[in-house]
Amino acid sequence: MVKNLLKEIKEYKADAIKTPLYMILEVAMEMIIPLLMAVIVDDGVGHGDMSVILKTGGIMIVVAAIGLFAGMRGGACGAKASTGLAKNLRMSMFENIQTFSFKNIDKFSSASLITRLTTDVTNVQNAFQMVIRLGTRAPASLIVAMVLSYSIEPTLANVYLGAVGFLLVVLSIGIFAVFKIFSVLFEKYDKLNNSVQENITGMRVVKAYVREEHEKNKFTKASRSLAKQFIKGESIVALASPVMMFAIYGSILLISYLGAQLIVSDELTTGELMSMLAYCMNILISLMMLSVVFLMIAISTASAKRINEVLIEKADIVDPENPITEVKDGSIDFDSVDFSYNEDGSGKVLENVSLHIKSGETIGIIGGTGSGKTTLVNLISRLYDVNEGQVLVGGENVKNYSLDTLREEVSHVLQANVLFSGSIYDNLRWGDINATDEECKAACKIACADEFIEDFPEGYNTHIEQGGTNVSGGQRQRLCIARAILRKPKILILDDSTSAVDTATDAKIRKGFREDIPDTTKIIIAQRISSVQDADRIIVMDDGAICGIGTHEELLESNDIYKDVYESQTGAGTGDFDA
């Protein structure tokens, strides 16, 4: 996992290497200063030699300046390396997410992906910066200070050793406890983000059903649960500070007491005692730094695992070795197709489906909730792959095509119509980035979107809010249809995409299909019989299988489900698909 994440340093590798080198240089300068202080006290002040004081003081200033420079450069390089790592991690995660099939996306909630791209990456960024800076500086400072302390007075140095052992035991217990708490914490982050996302995207529904109090209570519950977990973790982290202070001041008192006795017995000089006290502070502060580093690593380990899960997730639908890059025509064949959303193949959504659609045909599909209509058309553009059998487009198995080629030629208007922030032109050009204004307007005319666009003060330059919240459901559907038409595909799939459009406009759209894109294979999923009755053929689906296929007139004669629905929509019968 660590190796996988560190690969993302890439162009910031030099800064990541320079940072610990600068830190070691800073430590070296800091370790020299107490030795110089001892010289000033013992040889300068003790003997009243001003030249020694001035000379050694000058050297101290130079050493301090070098240490300051090294610290500043180490901080700058560390910041650059850590933020660069965070940038690359986010880019790699985002790029990998773009390759995911629907099946891969189903494994992660959108709220969880947002948390991983933001909070989790920030935690890893902070931990990495601490590791390359404090993680180098603290051990180096501790080791050098310990060695120099033993070279001055081993008896006093043993005090440090005892304090270090005590702190290591206490901090190890605390770090283990914190790790378990923060492992659970990020799951609670996901729940909080999910609550916020649902509330914002569904704001109109919340207000329509007067559910503001319910949403506030749900958010409060998630927020309190997160806060409670944070308090629990931070309480343990907060205990580190008083433990550290106890060890530091206890060591100083003990060294001062023992050192005073050694000075009286002429076994230690005043300058050496000052050096020992300085090294004492260095050792214990280094331990404090290390504890912070370990705590940050404990916190970020859970985040690193979550990031790695996204990075190593492999798209289950990929291009073949030598992909076909041209779709001959819009013919579609389903050959004994079985499909299940479960990896073990249980709970089949489609079973033994066989169907041939000629290029240029208009096919209507109707059926009850969960009958497999959407799943059927999702297999055409390889949004999912079949478990058994095969799907052919243009006479070739869809698995033999380049994904880009296949999806360029199969234009899909999904049930959930999504528009992006930007002008109407910007949204239309998702279908064809190089489309001219005239081509955009022509596509809108076929989709009957030109009728309302021209009523806007700014026309096709009208700004669309994120999600298309400033246009109606029917307008949003027509813009999405126009966007799909602009692609000039060989196959056009409309998945219940005219449900918010009135019947007269629906009829106009279908007329536009017949007259303006006659060579395009059109598949229309609908609940209204009127939306599909003039199709070349209509497919009736029930429980994952085709239970009827034919023209409107043929199905009225031969299919009870179709007949019942038709009669209900024209004033007679029950007409319940699900029944």
Side-chain angles (χ1 to χ4, degrees), residues 2-3 5-37 57-91 120-149 160 164 167-168 171 175 237 240-241 244 248 275 277-301 303-304 307:
V2 174
K3 184 180 178 182
L5 266 59
L6 291 180
K7 284 193 301 186
E8 299 301 327
I9 296 176
K10 296 177 183 175
E11 69 270 30
Y12 300 97
K13 190 180 292 183
D15 290 296
I17 294 170
K18 284 190 283 186
T19 300
L21 295 178
Y22 279 125
M23 292 296 100
I24 290 170
L25 178 60
E26 184 186 21
V27 167
M29 296 301 103
E30 285 184 0
M31 294 300 106
I32 292 171
I33 287 175
L35 296 176
L36 295 173
M37 285 174 58
I59 295 171
M60 282 182 68
I61 291 172
V62 174
V63 168
I66 295 172
L68 177 64
F69 169 78
M72 290 173 62
R73 289 301 303 151
C77 291
K80 189 175 179 182
S82 60
T83 52
L85 172 65
K87 182 204 74 173
N88 288 342
L89 279 174
R90 288 193 177 100
M91 283 301 300
D120 286 330
V121 172
T122 300
N123 286 336
V124 170
Q125 173 187 339
N126 292 336
F128 179 71
Q129 185 172 19
M130 284 191 175
V131 166
I132 61 175
R133 289 187 64 201
L134 301 184
T136 304
R137 189 187 193 286
S141 180
L142 191 150
I143 293 167
V144 174
M146 189 71 77
V147 170
L148 291 173
S149 297
Y160 303 151
V164 168
L167 286 173
L168 285 175
L171 291 174
I175 288 166
V237 172
S241 183
M244 283 285 182
I248 288 172
S275 296
L277 290 172
Y279 289 136
C280 172
M281 290 299 293
N282 269 313
I283 289 169
L284 297 176
I285 289 173
S286 295
L287 271 177
M288 187 179 292
M289 290 179 183
L290 276 177
S291 71
V292 173
V293 172
F294 285 133
L295 286 170
M296 198 63 218
I297 290 172
I299 292 169
S300 65
T301 298
S303 292
I307 292 169

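Just so it is clear, the values below take in all heavy atoms, side chains as well, and ignore hydrogens, waters and symmetry mates.
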Looking at residues at least two apart in the chain, or sitting in another chain, which of them share a salt bridge (Lys or Arg N to Asp or Glu O under 4.0 Å) with Lys13?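 Here no residue qualifies.
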Could you note down all residue pairs passing salt bridge (Lys or Arg N to Asp or Glu O under 4.0 Å) where residues 283-297 supplies at least one of them, sequence neighbours left out?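 Sorted pair list comes back empty.
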What's the spacing between [X] [atom1] and [Y] [atom2] if we round to 0.5 Å?
X	Y	atom1	atom2	value
Leu85	Glu11	CG	CD	10.5 Å
Thr83	Gln129	OG1	CD	8.0 Å
Asn88	Leu5	CG	CG	11.5 Å
Ile24	Ser141	CD1	OG	11.5 Å
Ile33	Ile59	CD1	CD1	12.0 Å

State which residues pass side chain to side chain contact (heavy atoms under 4.5 Å, CB included) with Leu25; sequence neighbours excluded, sorted by chain then number.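 Leu25: side chain to side chain contact (heavy atoms under 4.5 Å, CB included) contacts with Met29, Ile66, Ala70.
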Measure across Val293 and Gly135 and return the closest heavy-atom pair with its distance rounded to 0.1 Å.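 Closest approach of Val293 to Gly135, heavy atoms only: CG2-N, 4.0 Å.
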Ile9 versus Phe128, closest heavy-atom pair with distance: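 Answer, listing the atom of Ile9 first, then Phe128: CD1-CZ, 3.6 Å.
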Neighbour count >12 (heavy atoms, 6.0 Å) for atom NZ, Lys87: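 Atom NZ in Lys87 is packed in, count exceeds 12.
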For Arg73, give me all partners under side-chain hydrogen bond (donor to acceptor under 3.5 Å, both in side chains), at least two apart in sequence or on another chain.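 If we apply the side-chain hydrogen bond (donor to acceptor under 3.5 Å, both in side chains) test to Arg73, skipping adjacent residues, there are no hits.
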For Glu30, side-chain hydrogen bond (donor to acceptor under 3.5 Å, both in side chains) partners two or more places apart: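 Testing Glu30 for side-chain hydrogen bond (donor to acceptor under 3.5 Å, both in side chains), a comparison that skips the adjacent residues, returns Arg137.
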Please set out all donor-acceptor pairs under 3.5 angstrom arising from side-chain atoms of residues 15-23, sequence neighbours excluded.
{"unit_1": "Thr19", "atom_1": "OG1", "unit_2": "Asp15", "atom_2": "O", "d": "2.7"}
{"unit_1": "Thr19", "atom_1": "OG1", "unit_2": "Gly78", "atom_2": "N", "d": "3.0"}

